[in-house]
Every structure is written in C-alpha cells, then in structure tokens.
*Asks:* 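The structure is given below, and queries will be raised subsequently.
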Number of protein chains: 2
Amino acid sequence: MAARRAVEQELTRQMIIDVAHELFVEEGYQNVSMRKIARSLGYSHGAIYYHFKNKADLLTAMVDQDFAMINNEIDKLDHLNMKNEEKLRQLLLGYIQFGVNHKHHYEVMFMIRDKEVNSHTMESPNKSYYRFSKKVAELTNNQLPVTVIWSVFLMLHGFVAQYCRTDQSYENIRGLAETHVHLILRAINN
Amino acid sequence: MAARRAVEQELTRQMIIDVAHELFVEEGYQNVSMRKIARSLGYSHGAIYYHFKNKADLLTAMVDQDFAMINNEIDKLDHLNMKNEEKLRQLLLGYIQFGVNHKHHYEVMFMIRDKEVNSHTMESPNKSYYRFSKKVAELTNNQLPVTVIWSVFLMLHGFVAQYCRTDQSYENIRGLAETHVHLILRAINN
DNA sequence: CCCCTTTTTAACCAGTGTTCAATTAAATAT
DNA sequence: ATATTTAATTGAACACTGGTTAAAAAGGGG
C-alpha cells in the first residue's frame, strides 16, 4: 500500500550502512542478503537499491567510511604533547583499542574475503597501512627496517583479529593489550 | 544413466574432504555449495550425502583432521636433539611454516566464522592452543606468565592470518617469518 | 538370482541479487 | 490553493542457486 514515507522517517545511506555493518560482521557478508538488511531496517528490499547501486557498492561505501575513521585516529597523534616513545606506545595501543572498540569495522576492513569485493575496496587497507608505517618510522627516528615495521603491524593485527571474534570489551582486555604492546616495544627497542 | 561406478573409482570420504578443503578456503565455506564440490569431483551432488550427513558434518570431519596434523607437528619437537632455546625457535617458526604451507587448513581451523558451525568444531582450536602453550612454557622453564604466552601466540597468528590471504609460498616469505620470530624471541628474552 | 552398497536424477522449498512499473509524499510552479 | 513534477518506496517478477531428500538404477559379492 503505502509507497513513500513521511519525510522524518525517510531512509538514508547512513542508516543502511549502520545496519548492514552490524549484520555483515555478525553473520558475514555472504550470509546477509539485501532483503535481510531491509527487513532489519523496516523497509522493503527495493528501497536499498534507490540508495546504493548494488550490494558491493554498499560494502565499498561502508569500508571507505571505516578507513577514514582509522586514518583520523592516526593523525590525532600529531597534536599530542608527549615524547616520541610515548607517542609510539599510544599508536600501538590506539590501534588495538580502535580494532577492539570497532570490531565490526575492523573485521569488514581487514578480514572480509570475497571474490565480489572489487579491487578498489582492497586499496584502502594498503593506504591505511602506509600511513601507519610512516608514523611508526617517524616515531622511531627511521631506525627500523621496513620488515620490522611490517612485523609490528602483524603482531597488532593478530591481537585484534582474535578479539574480533569475541564479545570482550576493550576495558575487559586492556591489561592483555598493554602486555602485548609492551612486548612489541621490547622487541624493537634494541 | 549410469548409477553406480566401477569399484576402483568409487568416491571416498577422503576424496571429498580434500576437494572441499581447497574450495572452502579459496572461496569460503559459504560460497562453496555441495553441488560445486560434487562437480569438482566429477560426481553428482547426491553422492556426497551418502558419505556425509550434511555440509556441516563434512566441515567437522575436515577440521578434526587438520588439528590432528598440527598437534602432531608440535609433538615432533620432543624427538629433536637441540637445546630448548633452539627448540622454541623451531616451535614458533614451525607454527608459521605450518600455517603458511597449509593455508587452507589454517584458515578453516582458526578463521571460519559461521553460525552453522557447531560448538564441537570450536573445541579443537582450544585444545590445540593448550598444547602449544604448554610446550612454550616447558621450553622456557615455566618462566613466562600465561598472558605473555598468549601474546606470543597472537603474534604468530597475526602473521599467518595475513599470509593466508595471499598466494605467497613459505619459501617466498621465509625471511619475513624469521624476522618475525626473531622479534618475538627478543620480546620474551628479557 | 538376491541383496547390499553406491550413485544418479528429479523434485522440493527457501532463498538470492536485481529490475521495474506502480504508487505516494513532498517540493515546486502556477 | 491547485496542479505538476520530482523523489522515495513498494512489491511483484525474473532467473538463479542453495541444502536436502528420496526413489530409481546399477555394480559386486554370496
């Protein structure tokens, strides 16, 4: 019956992205249908196609947003007033904190594996890693070989990837995260 | 037409597991249909149901096998003739080597996330981690807190998880793996 | 020849992404 | 205030694919 809705309850791209985000990570990109997203929003599936070209387009928009968040997080460090050693600790701990606090985002960003996902979607993680590694290099006075920086990243990734699959809050595992970062710092400080 | 085949080309559970294994990891559990597995084997999809109750049953059988492999790998260390420090290096490097050489297995073992997967399938990783951690503790004369051992595992997991998504062979990344293990050892050797 | 084991094939039913004409709310023009 | 246009939403339809079941068919051993 009812076709268009009153303007104060119109669907937006952001509403769709938010709902899809939760579903994608809880159940996996493949297991979430456009119909399921729509049902979850209380709209019909056709409506989503008014806002996004198709399912992959929705994912791309979502991932772009997520990477903007993490890049932003890295840039925040510049305005902090502490010495490099402490900034580095903050960067590493902040990475874990971001990952654990935004499990959905992190998983979508770094852990979706799917043929359908176009190559554009794969560029963002690379650009984001580049930003991260430049910052680590800077904060260590360019003393670290690139392979070591890469290892550091993988160590962080391992932590976050694991806790993405649990319901633990960051507060809950802060101690473990600090141990982890402490170990990483010990590994790279001569 | 032809219903049953000549006995020397009969389908076996192992044949199905092997083919399914490749497909599951190349394309993801959800993206591989029973029909696709059957097609890949040159049999009709119904045949698989003679050997496995259903799709989840097939996955469970597969994962059980995989964990038997990794547990076996850990036990091999006992028969090696070297000092503990070197054994530990071997354990860590061996973990990475196993993961990268058996990307399919590793991903199925530690990285599948799916409602359908029953809880029995989730027990195996835990048991396997327990074995790993006991061995690390033993090789470090029980000097390491459990949280540190857990961190070590996550560091290894991060490496393997990343390279599971690429086509790189272990030979190709041996150097990086050695750097990674070297860093880990440096982190835990005061 | 009968029986058990293995395999095929058709069938069922539920679900998929996507398109599109029809419908209606709001915005704009008259 | 009314008419027209535009924007947003629906729901049916299309052409598939999915897991699973079950009856029918065929090889092999006794």
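Side chains included, hydrogens not; waters and symmetry mates left out as well; all remaining heavy atoms used. Numbers restart at 1 for each chain; the letters A, B, ... are given by sequence-line order, proteins then strands.
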*Asks:* Return the 5'-most residue of the pair B:Arg39, B:Gly46 with respect to DNA chain D, ranking by each residue's nearest nucleotide.
*Replies:*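 Whichever sits nearer the 5' end wins; that is B:Arg39.
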
*Asks:* Under the salt bridge (Lys or Arg N to Asp or Glu O under 4.0 Å) rule, collect the residues that match up with A:Arg13, sequence neighbours excluded.
*Replies:* none

*Asks:* Checking A:Arg4 now: which residues fulfil salt bridge (Lys or Arg N to Asp or Glu O under 4.0 Å) with it, not counting sequence neighbours?
*Replies:* A:Glu10

*Asks:* Could you tell me the separation between the CG atom of B:Asp57 and the P atom of D:dG19, rounded to a whole number of Å?
*Replies:* 14 Å

*Asks:* Just how far, in rounded Å, is P of C:dA21 from OH of A:Tyr49?
*Replies:*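 Rounded to the whole Å, the gap is 17 Å.
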
*Asks:* Take atom CE of B:Met34 and atom P of C:dG15, then tell me their distance rounded to the nearest Å.
*Replies:*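 Spelled out: CE on B:Met34 to P on C:dG15 is 19 Å.
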
*Asks:* Determine the contact category for A:Ser33: base if any of its heavy atoms lies under 4.0 Å from a base atom, sugar-phosphate if only primed atoms, P, OP1 or OP2 are that close, otherwise nothing.
*Replies:*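 Sugar-phosphate, no base atom in range.
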
*Asks:* Among all residues two or more places apart in sequence or in another chain, which pass the side chain to side chain contact (heavy atoms under 4.5 Å, CB included) test with A:Met69?
*Replies:*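 Scan of A:Met69 (side chain to side chain contact (heavy atoms under 4.5 Å, CB included), adjacent residues dropped) gives A:Phe98, A:His102, A:His105.
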
*Asks:* Under the side chain to side chain donor-acceptor pair (under 3.5 Å) rule, collect the residues that match up with A:Asp18, sequence neighbours excluded.
*Replies:*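 In terms of side chain to side chain donor-acceptor pair (under 3.5 Å), with neighbours along the sequence ignored, A:Asp18 is linked to A:Gln14.
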
*Asks:* List the residues meeting salt bridge (Lys or Arg N to Asp or Glu O under 4.0 Å) with B:Lys76, not counting sequence neighbours, and say none if there are none.
*Replies:*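 Testing B:Lys76 for salt bridge (Lys or Arg N to Asp or Glu O under 4.0 Å), a comparison that skips the adjacent residues, returns B:Glu73.
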
*Asks:* Taking CG from B:Asn31 and P from D:dG19, how many angstroms apart are they, rounded to a whole number?
*Replies:* 10 Å

*Asks:* Just the rounded figure in Å: distance from P of C:dT19 to NZ of A:Lys55.
*Replies:* 15 Å

*Asks:* Charged N to carboxylate O below 4.0 Å: is that the case for B:Lys83 and B:Glu86?
*Replies:*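 No, B:Lys83 and B:Glu86 are not salt-bridged.
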
*Asks:* Give me, pair by pair, the N or O atoms of the protein and of nucleotides 27-30 of chain D that are less than 3.5 Å apart, along with how far apart they are.
*Replies:*
{"residue": "D:dG27", "atom": "N2", "partner": "B:Arg4", "partner atom": "NH1", "Å": "2.7"}
{"residue": "D:dG27", "atom": "N3", "partner": "B:Arg4", "partner atom": "NH1", "Å": "3.1"}
{"residue": "D:dG28", "atom": "OP1", "partner": "B:Val7", "partner atom": "N", "Å": "3.4"}

*Asks:* Considering residues at least two apart in sequence or located in another chain, which fulfil the side chain to side chain donor-acceptor pair (under 3.5 Å) criterion with B:Asn81?
*Replies:* none

*Asks:* Heavy-atom distance under 4.5 Å between the side chains of A:Tyr43 and A:Ile48, does that happen here?
*Replies:*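 No, side chains not in contact.
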
*Asks:* Which atoms of nucleotides 13-15 of chain D (N or O only) lie under 3.5 Å from a protein N or O atom, and what are those distances?
*Replies:*
{"residue": "D:dA13", "atom": "N6", "partner": "A:Arg35", "partner atom": "NH2", "Å": "3.2"}

*Asks:* Starting at NZ of B:Lys53 and ending at C1' of D:dG19, how long is that distance when rounded to a whole Å?
*Replies:* 13 Å

*Asks:* Rounded to whole angstrom units, what separation is found between the CZ atom of B:Phe52 and the C1' atom of C:dT7?
*Replies:* 16 Å

*Asks:* Between D:dA7 atom P and A:Gln9 atom CD, what is the distance in whole Å?
*Replies:*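 Atom-to-atom, A:Gln9 to D:dA7, this comes out as 20 Å.
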
*Asks:* Side-chain donor-acceptor contacts of residues 145-158 of chain A below 3.5 Å, not counting sequence neighbours, with atom names and distances?
*Replies:*
{"residue": "A:Trp150", "atom": "NE1", "partner": "B:Tyr163", "partner atom": "OH", "Å": "2.7"}
{"residue": "A:Ser151", "atom": "OG", "partner": "B:His180", "partner atom": "ND1", "Å": "2.9"}
{"residue": "A:His157", "atom": "ND1", "partner": "A:Tyr106", "partner atom": "OH", "Å": "2.7"}

